[in-house]
Structure formats: structure tokens, C-alpha cells
Amino acid sequence: MSYTLGIDIGTSGAKMVIVDKFGKIVAETIRAYPIYHTHPGWSEQDPEDWWTAVKDGLQELFQTFDPSQLKGVGVSGQMHGLVALDENGTPLLPAILWNDQRSHEETDYLNNVVGKETLIQLTGNIASPGFTAPKILWLKKHRPDIFAKVKTICLPKDYINYKLVGELVTDVSDASGTLYFDVRNRKWSEPMLKILELHPDMLPKVYESYETAGKVNEAAERVTALPVGIPVVAGAGDNAAGAVGIQIAEEGTVMVSLGTSGVVFAPQSTYLPDEFARLHSFCDANGQWHVMGVTLSAGASLKWWVEEIQDGRYDLLLAEAEQIPNGSKGLYFLPYLSGERTPHNDPYARGTFLGLSHQHTRGDMTRAVLEGVSFSLYESIVIAQQLQIPVNNIRAIGGGAQSPLWLQMIADIFGLPVEHWVSSGGPALGVALLALRATEGLAAFKHAPVGMNHIFEPDETRHKAYQKRFQQYTLLYRSLKDAFSQMYNLEKELGCSHHQS
């Protein structure tokens, strides 16, 4: 029996899984690491924390599993993060993460001076503070002393690949989220590199996700016990890897991930970006493309409400919400605790309850949080349908998908069946399967086990009622958009802005 290893560099921790040649998980572990918010709106991690977590996790796995049986490795990770390395491959500063908001001014420059039409033409996307390109411009402007020492730039999972193989490599799915990648032609965008004043030698070599990009070297073997010489595939961004793990490849079946952020992942057989870039257009891990919608605070909204505002009892609060009628008695929640990505691309937006009255209870507010996140995700579904991308059924994963209440709500709001997929491996499973494809062939990859647990069917009466509430929900953001930016400017003037530039 041959086995492959998948490693995922998530926002909260590194997950590692080992699968057999049939794609079944035989061992797994996770190692947590901190996230640092050193200034308002900043979000950082130490890349060495990622590497330490990987080494510690592998040490645990190899106490009961013989590493000599491993035939391949794949790495996935949180997208968009900026990792800047010096000539020795050492990080020059903490990684600036996907949910960091400091580069909003650089984002405005890219969208308004370089121009959205130019960005869409070159990359299929417009700028967002989450993407890598604005972070690079921020670093050049605010820390030129550090930028002068930058030899190479990579993404979080690429740093782990570098530690394993000794070379900087990346894959098409992760590179798609940088805003300097030509998504149509699956290569770095030379015009964007000129705009950013980056030399191509500063960037990793690009591979398809399932291609072998290197082999475990002797330095990695010494500290991890991974067999020297086994292939390491290029890997994938976390959402593309997660889609592989639950067999999202063909048009029509759409992934919804309810993690810290919420993701709508809709496969495309041909490259067809949204002309208004309301959704992201990225390469996937299977040689095709996908559009993706992102709600920055999905599970994070529920976590904030339950743990920061309430007493931390998820079961109790969700049970209370289940007793509340659909619509939360006219109460709405906009889940913009960290600004928003799609479709609004607005770093100034903020979380908001609207419609509060004396009649509302804690249960109403909990349900409104769930409905607000669901409405935000539904905006991406509606746009995908407008782009004539088939959306026939939903496969739901992530921590939030453990709630039957939330999944039934999504089925009713979307008007589509929602399959709950039990995928304990997540993105780590996906890249382990990509490594399986590289070592055992496409047939083994396609016959990996499935993990559907339950199907939540939509109720047509509830769907029609939710349609009317959704129309009201979309009006609320448009009504508050200018107020959000005015609030930001006022707080900046008073010296207590939630953003830091």
C-alpha cells in the first residue's frame, strides 16, 4: 500500500492528513498557531510558526505511521498572504494575511488609477485589500527599507513548499489570487508586473496543481523525517483544494464553505470572467477555472456574536434561533465585520443590525446573524446564475456546516438542495488527493471515496418568502454604503479608525 500526505496552512492552524491509495484518511492531526493584530485592521502571522507546526504535526503522525510508506506530498494554504523573503530565503517581516485591511489606499489606487477595466483585462479581477498586489504596494510605500531587501515574494503554502524542496514554486489556483496573474492564460501577467515594478525573477515558478514541482530534499528530511526524493506537487489554494476533497470539478455542482470566511465556488469549463468583477475569476486545481464569491466574516460573524457578545454557548444560542420564525421578525444583519469582498469589494463596510425593536430577543439576533451570512453568500449565487454558470446543487463543508439549522436555511434561501459533505480532511485532503493523482494516476484520483452525509431539500414556500427578504437585504447595503465611508473618514479624523494605513 502506498500513501500520500496533505498539509494545509490554514488561518488558525496547520492540518496534516495521510491517505491511502484509495483516498481514505488513515491518520490526521492539527497544530494551532497565533494570529497577530498589532494595529487596527492588521492581520499577520509568522511564517516560521507555520513551519514549526508542520514539523511538530509530522513528528506526532510518524509516531504511529512509518514515513517510508509515503509516496508523495501536497500542500495547500490560505490564499493572498504576502510572504517576503531575503536572499537567504528568510522572511523579512510577518506574513500579511488575506483578511488584513491596511492596503485599502493602495487598493483604491489600483482600481481608480490603473483602472478596473485594465485589471479585469489583465487578471480577470479587480483589486481588493485581501489580494497580494495591494500589499506589495503598501510595503513599497511604508517600509521601503524592508522592500529593498526583498529577493523573492511568495504565498503562505509556497513557503512550506520552499522548505520541503528548496525552490520557490506555486500553482495556478493560488497564484490567481495575487492580482498579478493572467488567469486566462495561466501565467504571471507581464503588464501587471511592470505596473507593480516587480521583476519576474522575484516570483515562484508556476505549475498546475497536480504537477510535481519538486522533491523532498535532504534538509527537509532531517527535520521532518519525510523520505528524501519523494515528489511534492505544486498544491492549491485552500478553496481549490477543498473543492478537490469533495469532488467539485464539473459545472453545476457548487461548493459552499462555511468557515471563518464563507465561500461560493462554482466551476467553469471555460474562462468567462464577470465583466464587472463582482465575483473572483480564478484557475482551479483540475486544469479549468471557477468563479468565487467570498463573505469575509461568515463563521467569524457567528463566533463574534456567540463568544464576544454572548456567553459562548453555541448549542443554547442555536437552539434559541431554531425556535424563531424565518425572517427573524423583520430583523436584518449585515455581516461586514471585516469589510466585504464580493460582490461589494468594500473595506469600509461594517457589521450592522437593522430593524431592532423591543420585540426582539437574543434568539432573533442569532437567527439574523445566520440569515445575514446566508443572504451574503446568496448574492454570489445570483451573480453566478446571471453569468449563466449552471448552479444545480450545493455541497456544503466547513465548521458552520455542522449546523442543520444553517444548512436548511441556506437550502431555503438558495432554493437549491444542499448536500452536507463530511470531509474531516478539508483542503489537506484535497492536496493529498492531488499527490495521489501524481503518484497513482488520474483513475485513482477520480475514485477517491465520497463523504455525503445528508441532503437538505428547499421548501418552496419558505424560498418565496426569503426572496422578498433578500430583496430588502440588498437594499440595505446600498442605502448604507456612503454612510460607511463617511463613518470611516470621521473616525480617521478623530484618530480612532478601525483601519491603519
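Counting only residues at least two apart or in different chains, ring-ring contact (aromatic ring centres under 6.0 Å, His included) contacts with residues 197-225 are absent. Residue pairs that meet the salt bridge (Lys or Arg N to Asp or Glu O under 4.0 Å) test with at least one member in residues 278-300, sequence neighbours left out, are D274-R278. A ring-ring contact (aromatic ring centres under 6.0 Å, His included) check over residues 143-168, counting only residues at least two apart or in different chains, returns nothing.
For F276, the CZ atom is loosely surrounded, since the number of other residues' heavy atoms within 6.0 Å does not exceed 12. Atom CD of Q386 has more than 12 neighbouring heavy atoms from other residues, nucleotides or ligands inside a 6.0 Å radius. Annotation for K55: atom NZ counts as buried by contact number, over 12 foreign heavy atoms lying within 6.0 Å. Annotation: E250, atom CD; neighbour count of heavy atoms from other residues, nucleotides and ligands within 6.0 Å does not exceed 12. When the shell of 6.0 Å around CD of E307 is examined, it contains more than 12 heavy atoms from other residues, nucleotides or ligands. Environment of CD in E48: crowded, with over 12 heavy atoms of neighbouring residues, nucleotides or ligands closer than 6.0 Å. No more than 12 heavy atoms of other residues, nucleotides or ligands shown are found within 6.0 angstrom of CD on E117.
Evaluation of the ring pair (Phe, Tyr, Trp, His ring centres under 6.0 Å) rule for W304 yields no partner, not counting sequence neighbours. For N88, the side-chain contact (heavy atoms from CB on, under 4.5 Å) test picks out D86, T90, with sequence neighbours left out. In this structure, the salt bridge (Lys or Arg N to Asp or Glu O under 4.0 Å) partners of E44, at least two apart in sequence or on a different chain, are R102. Every residue meeting the side-chain contact (heavy atoms from CB on, under 4.5 Å) condition with S189, not counting sequence neighbours, appears here in chain and number order: L122, D182, P191, M192. Checked against ring pair (Phe, Tyr, Trp, His ring centres under 6.0 Å), F484 has no partners two or more places apart in sequence or in another chain. Contacts of K187 classified as salt bridge (Lys or Arg N to Asp or Glu O under 4.0 Å), with partners at least two apart in sequence or in another chain: none. Taking the salt bridge (Lys or Arg N to Asp or Glu O under 4.0 Å) definition, one finds that E308 meets it with nothing, sequence neighbours left out. Applying the salt bridge (Lys or Arg N to Asp or Glu O under 4.0 Å) test to D171 and every residue at least two apart in sequence or in another chain returns K157.
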**Request:** Would you sort out whether Q288 and S269 count as a side chain to side chain donor-acceptor pair (under 3.5 Å), showing the intermediate values?
**Result:** CA-CA 6 Å; Q288 300 187 126; S269 58; 5.3 Å; no
**Item:** Chi angles and distances behind the side chain to side chain donor-acceptor pair (under 3.5 Å) call for E340, S376
**Value:** CA-CA 10 Å; E340 193 51 302; S376 178; 3.3 Å; yes
**Request:** Check the pair E105, K141 against side chain to side chain contact (heavy atoms under 4.5 Å, CB included), reporting the backbone distance first and the verdict last.
**Result:** CA-CA 11 Å; E105 292 181 357; K141 177 181 179 181; 3.8 Å; yes
**Message:** If you apply the rule side chain to side chain contact (heavy atoms under 4.5 Å, CB included), what do you find for H104 with Y488, and how did you get there?
**Reply:** CA-CA 12 Å; H104 57 95; Y488 164 75; 2.9 Å; yes
**side chain to side chain donor-acceptor pair (under 3.5 Å) evaluation trace for W98 with T11** = CA-CA 9 Å; W98 59 274; T11 307; 2.9 Å; yes
**Evaluation steps, side chain to side chain contact (heavy atoms under 4.5 Å, CB included), between L139 and I146** = CA-CA 8 Å; L139 185 61; I146 291 180; 4.2 Å; yes
**Request:** Please test V263 against M292 for side chain to side chain contact (heavy atoms under 4.5 Å, CB included), starting from the C-alpha separation and ending with a verdict.
**Result:** CA-CA 7 Å; V263 172; M292 188 167 76; 3.6 Å; yes
**Prompt:** Run the side chain to side chain donor-acceptor pair (under 3.5 Å) check on D158 and T170 step by step: do they pass?
**Reply:** CA-CA 6 Å; D158 302 338; T170 194; 3.0 Å; yes
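Ring to ring, H280 and F131 are close: their centroids are under 6.0 angstrom apart. When ring centroids are compared, F282 and W289 stay outside the 6.0 Å threshold. When ring centroids are compared, Y477 and Y336 come within the 6.0 Å threshold. Under the 6.0 Å cut-off for aromatic ring centres, F353 and Y332 do not qualify, their centroids lying 6.0 Å or more apart.
Just one residue in the list H142, R143, K149 forms a side chain to side chain contact (heavy atoms under 4.5 Å, CB included) with D145, and that residue is R143.
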Could you tabulate the donor-acceptor pairs under 3.5 Å formed by side-chain atoms of residues 72-81, not counting sequence neighbours?
{"residue": "S76", "atom": "OG", "partner": "D8", "partner atom": "OD1", "Å": "2.7"}
{"residue": "Q78", "atom": "NE2", "partner": "G10", "partner atom": "O", "Å": "3.1"}
{"residue": "Q78", "atom": "NE2", "partner": "Q45", "partner atom": "OE1", "Å": "3.0"}
{"residue": "H80", "atom": "ND1", "partner": "G177", "partner atom": "O", "Å": "2.8"}
{"residue": "H80", "atom": "NE2", "partner": "R341", "partner atom": "NH2", "Å": "3.1"}

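Between F470 and F375, the angle of the ring planes lies from 30° to 60°, which puts this pair in the tilted group.
Of the inter-residue distances, the one linking E251 atom CD with H290 atom NE2 reads 13.0 Å to the nearest 0.5 angstrom.
Taking 4.0 Å as the cut-off between side-chain N and carboxylate O, K140 and E197 count as a salt-bridged pair. With respect to E167 and K205, no salt bridge is recorded, no charged nitrogen being found less than 4.0 Å from a carboxylate O. A salt bridge is absent between K135 and E106: the closest approach of a Lys/Arg side-chain nitrogen to an acidic carboxylate oxygen does not fall below 4.0 angstrom.
The backbone N or O of I120 sits nowhere less than 3.5 Å from a side-chain atom of N125 that would complete a donor-acceptor pair.
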